[in-house]
Each structure stands twice: as structure tokens, then as C-alpha cells.
Amino acid sequence: MKQNRREFLKKSLVAGTALSVVNPLNIFAEEGKGKMSQGKLNFSFKPYTLHLKHVFTIATNSRTTTPEMLTKIEWEGVTGYGEASMPPYLGESHKTATEFLSKVNLAQFNDPFETEDILEYVDSIAPGNPAAKASVDIALYDLVGKLLGRPWYKIWGYDKSKTPYTSYTIGIDTPEVVRQKVKEAAPYKILKVKLGRGTDKQMIETIRSLTDKPICVDVNQGWKDKHFALDMIYWLKDKNVEFVEQPMPKTRVDDMAWLTEHSPLPTMGDEAVQRIPDVVKAHGVYSGINIKLMKCTGMREAHKMLNLARSLGMKVMIGCMTETSCAISAAAQLSPEVDWADLDGNLLISNDPFDGVKVIDGKLTLNEYPGIGLKPGNYKI
Ligand code: MG
């Protein structure tokens, strides 16, 4: 199998125009002699704090900063970048991520193309820690894409013209602030509105007094009664809402299945769906799933979850935390294959150290940069 994969990669490289920062053919020339490069993978990380442009309020909490880890994997003079975004309510922190990442020994590997083995190892170091694991995964995928001289959407065979419009998120707030945010969202074609704190109709009516753009709503488990939830969904449907994300607590599986069966709008599981086994559990309970790199340990598992959900006939959206352009660009590589994208996390922060995939006229616009789509640069991380 390994030989076949390398043969395939070799042919892919020969067939395309190399964009890579190194000449990838040299790597295979060496391999062709029966000897892989002996360079070790060099992994490093450092804490970072994202500053949010606005106080961000959802059904369960408010905050102005997000703790982060920035990661790098270097091999043979090529650098892949990664990141962990750790909103406090999910349980990871600078402390937990430092503890976890200190245990990651990538120097035992000298072939970055063995992504499955490397990331299986990372996953096996300790349970949990999905964002910290994602920070290794994203850096490795960035590195491998750069070595191949291709962005991942091309390696996966996706058509970049199929990327969806991305939504702009409006948190729960006073009508005055909501009006301001609707103005800021002018370039976006879809609004994602946070609900679930008892001001739901006021939030939607405020927005509808200003615009008739499609809205999707995220209740973040805020509705506790299934009949109330169904009444709200019918009301929202009349307001041109496209879908409802995580309307009820993730533990209320039977109520949620009933709600999905009766709902006139698709229901999307977010808090209820983290990793691969949750996709199977969500089948028949939700219409679809929200995949986030920080929940599912990164691009490797996100890609598998997307394929699994599709094979089960489920809808798929790809979402994010407040993140830099690093993780947003990585998630965007999957976006040609999803129904909805909610990848605005980098637009909500004021200190993004990266430059990557952009939103142009409201649409995610994938670029030609190899790896995860970061504009080449010597990022000071
Ligand atoms: Mg959500």
C-alpha cells in the first residue's frame, strides 16, 4: 500500500506544475534510490491570545479573548503552520495544551507523508485535547501540501468554484448592537444569528427590519422544550431562516429526533457531534452535522467525517471557533463539499498573524497556495 501511495504521489508531482517552496522531485529522486530523506520532523509550539473585536455572547457565556497555541512542523527546510483555538467553555487552555504538546515527539518520524501513522500516534498520547491535536494535524497537513506543491482541496479532488457563501455571525446582544453588526455584515450574503437567551424573536425582528438576507440560527442548546422548539422553528421558517443549529441540549436525544422528524427546517448537530462515532449517533437525530477542526482533532478526521456523513445522506456544514486565518484556511480546504460554511472566526479578531483564504463578495475564495492556503511568508511564531 505504502509503495502504491508513493507511486501515486510521484506521478501527481510529475503531472503538475510545481508551486512548492522546495523542489519536491528531489525528495522522490532520493526515495527512488531506495532511501528516504533522513530529516526528522521538528515540532514546536507557543501560546498566543486572540483579541476579539466585540464582546462575543452566545447562550452559555460571554468573552473578549480566546487562548490559542500556534504550532510549526519543520522538515527539510519547509515549514507547516498550525493552531489550536481553545474557547474556555470547551475545557482546553494554555496549560492543558502545553502539557499535551510537550509530550508530542515527532522527531521519531522522518517521513511526513505518513500522516495516518503520525496522527494516530498523536491521538493516542492522551484522550481529549482535540484542539491541541488539531494544531499538530493542521501543521502536518500544511507541510505535506507544501511538499506536494498543491493546496489540499486539489489533492482531495474538489472544485474550488463550489465553495459556499460563508455566514457572518451575530451574537446575542441589544437591538442597537445587533443593528450595528448587521451593517458590518454588509459584504456577506448569509447571517448566522445566535439565539437561546429569551430574546430570540426580538433578535430576528431587529435583523429583519434591516435586511432580507437568508439567516441561519444557532441556539447552542438553549431551548429546553421540544414543543416550544418546534413552534419557534415554524416561526423562523416564515422569517426566511435556512436551518437551526443545536436547538436543544445534546443529551436530549429522543426529543431531538422527534424535533427533526417534525421540523420544517433542517436541524444541525454541533455540540452533539465532535468526532467520527458521533456522526453515526447523529444519524436519524439531526438532519446534518457541523464539523469543526477544533472539535474533531483536525483535517484528517474532518475529511473522514464529511465522507461518512455524506454516505449516510446527511447534510454537512463546516464551522469554526474564533481562530486565525491559519485554521480558517485549513477548514476552507473542505468547503467545496459542504452545504454551508461558517468560517468567519478570523474576521472577529483584531490580531491575526496570518494571511490566507479570503472571503470575496461573501464567498469563500480558495487560492493556489500549497498546503492549507496560507500566503507564503515568514510568520513570526
Ligand atoms: Mg454552533
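Counting starts at 1 for both ligands and their atoms, in listed order. All values derive from a computational prediction rather than experimental measurement.
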Next on the checklist: Can you tell me which residue among Pro151, Pro336, Ser335 is in a side chain to side chain contact (heavy atoms under 4.5 Å, CB included) with Tyr158?
Outcome noted: Pro336

Checklist outcome for this item: Note on the Mg ion (ligand 1): protein N/O/S atoms within less than 2.8 Å are Asp218 OD2, Glu245 OE2, Asp270 OD2

Checklist entry - Taking NZ, NE, NH1 and NH2 as the nitrogens, is one of them in Glu116 or Lys304 under 4.0 Å from a carboxylate oxygen of the other? => result yes

Item to check | Salt bridge flag under 4.0 Å for residues Arg150 and Glu368 | outcome: no

Item to check | Salt bridge present between Asp200 and Lys194 (N-O < 4.0 angstrom) | outcome: no

Item to check | Ion pair Asp361/Lys189, N-O distance below 4.0 Å | outcome: no

Checklist outcome for this item: side chain to side chain donor-acceptor pair (under 3.5 Å) pairs touching residues 226-244, sequence neighbours excluded, are Glu242-Trp340

